[in-house]
Amino acid sequence: GEATIIDAWSFTEAGDKSLRVELERAFNLTSDLGLVAEVFFTKGMGAIRAFKPHPFSPIRPALAERLNTAAEIFEKLGACAVEGKYDGFRLQVHMSAGKVEIYSRKQERVTHMFPDVVAGVKKQMRAREIIFEGEALAYNEDTGEFLPFQETITRKRKYGVSKKAEEMPLRMFAFELLYLDGKDWTNEPYHARRKKLTEIMGKGDVVALAKNVIVKTPKALQKFFDECVSSGLEGIVAKDLSAPYVAGARKFAWIKLKRSYSEKLADTIDVVIVGFYYGKGKRTEFGLGGLLTAVKAGDRFRTVAKIGTGFSEAQMREFHDSLSKISSKQKPAEVDSLLTPDVWVKPRVVVEVKADEITRSPVHKCAWKDNEGLALRFPRLMRVRTDKGADDATTEKEVVELYELQKHASA
DNA sequence: TGTGCCTGCCC
DNA sequence: ATTCTGC
DNA sequence: GCAGAATGGGCAGGCACA
């Protein structure tokens, strides 16, 4: 990847990797390897050290690590800032001389998809030149509810943009200021970035500041997390008050805590394996890349998720061996599935799977009705339930109940 | 014109 | 997105 | 600790084909 290329440049000049960090910073601030190369080879390291972001070159976004409890986060950061985590898509907005461009998390130009955001930014941000970030999502003004990610994502489109924008206006929750009127803000501490962002935010319906507090105790952190979750957010992101904005890195300056990390707030269900896939790359050697799993509905087994993560290499070998022994040439008669695994398996083995939430599905047969079923979002294997048989698996009815519960929980 | 399959990008 | 593994 | 490589659900859009 880019790291290898940058290392190579460092070698040509210094004979080792010593220039890597600075070259990488230049790349992270512009997402433009060509530009970094040109500057490096024509002007040298002095110009690389002087690199700063500028409008219309997307900055590679800072990323967050994760921890599982508020206590662990506080141990790591001490007193810190905490922001609500919104379940939409991340946008980086650039504005200069009245022109606005919007970039996605992967630095794609997505301006044309969000005319409503563009208009809101022009109207609300009191700046000549700015780069800032936030999360955009669909929002119901009347009920105050956020729409599920599945709805928000339909705004990511090429055609029918203005009609869709009218039907489903977005709201953008801003959380980072990176550049303002010629000044690079990425090296400023978080508290300064946030203060400045607050100062330049004008009133309006589109852009708002992300919910934010400063906490001085683990208890306060936990309380804010609970508030966020009960108001329908995914969780929180905690930030080191004195840390700069570290572009393109997963540093412990940002730590996320999602509601699904907690045992109590996650959906953990027991599913039956009905098939498996051989897998690609490294997994070829284990003979298993993933599992097709189902819940129980009377005498039937209806698919609810594929599981492709959470097992160790040893576990993959074990699954391959044990499942091969109960394989079936064809789909077992009692299984309802639109998907075809590489190997069908008699529904016998139960595994515990964790998921962030339950979503409507066009491909999974659980609770299938009117061409739509239910599926798990972010399914991962927790453990094998050797103590359970197929009859003890979670039922379709229980999944429906969890789905209903989840809908009402976010009010 | 409509359907199904595949890809790329969101998470 | 989550998770595991080699470095 | 970090980077890389496996993998998940699902959306819009492109393309082949009926």
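Protein chains get the first letters and strands the later ones, always in sequence-line order, with residue 1 at the start of each.
Residue Y159(A) places at least one side-chain N or O closer than 4.0 Å to OP1 or OP2 of dG14(D). Taking 4.0 angstrom as the limit, K85(A) places none of its side-chain polar atoms (N or O) nearer than this to OP1 or OP2 of dC11(B).
Atom CD in E135(A) sits roughly 7 Å away from atom P in dC11(B) (whole-Å rounding). Taking atom CG on L288(A) and atom C1' on dT3(C), their separation rounds to 15 Å, with Å as the unit. Following rounding to the nearest Å, N371(A) (CG) and dG4(B) (C1') show an atom-to-atom distance of 14 Å. Between the C1' atom of dT5(C) and the CD atom of E285(A) lies a distance of 12 Å, rounded to the nearest Å. Spacing between atom CZ of F311(A) and atom P of dT2(C) amounts to 16 Å, rounded to whole angstrom units. Rounded to an integer number of Å, the gap from M168(A) CE to dA12(D) C1' is 13 Å. One atom, CD of E234(A), and another, C1' of dC10(B), lie 12 Å apart when rounded to the nearest Å. For the pair K106(A) NZ and dG8(B) P, the computed distance is 10 Å after rounding to whole Å.
A cation-pi arrangement, defined by a distance under 6.0 Å to the six-membered ring centre and an angle within 45 degrees of its axis, is present between R66(A) and Y261(A). K156(A) forms no cation-pi arrangement with F89(A), by the criterion of a distance under 6.0 Å to the ring centre and an angle within 45° of the ring axis.
Residue-level contact check: T152(A) touches neither bases nor backbone, having no heavy atom under 4.0 Å from any strand. Residue-level contact check: K164(A) touches neither bases nor backbone, having no heavy atom under 4.0 Å from any strand. Contacts of F286(A) with the nucleic acid, taken as non-hydrogen atoms under 4.0 Å apart, are absent.
Taking the side chain as every heavy atom from C-beta outward, L376(A) and D267(A) never approach each other to under 4.5 Å. Using a 4.5 Å heavy-atom cutoff, the side chains of K196(A) and L180(A) are in contact.
By the 30° and 60° cut-offs, the orientation of the rings of F146(A) relative to Y139(A) is tilted.
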Indicate for each nucleotide in nucleotides 1-11 of chain D, in 5' to 3' sequence, whether protein heavy atoms under 4.0 Å reach the base (B), only the sugar-phosphate (S), or nothing (-).
-> -S---SSBSSS
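Between A314(A) and Y261(A), the residue whose closest nucleotide on DNA chain C is further toward the 5' end is Y261(A). Nearer to the 5' terminus of DNA chain C, by closest-nucleotide assignment, is the contact made by D356(A) (compared with the other of S312(A) and D356(A)).
A donor-acceptor pair is defined here as one N or O able to donate and one able to accept, closer than 3.5 Å; no such pair exists between the side chain of S361(A) and the backbone of G373(A).
For H54(A) and Y179(A), the ring centers sit 6.0 Å or farther from each other.
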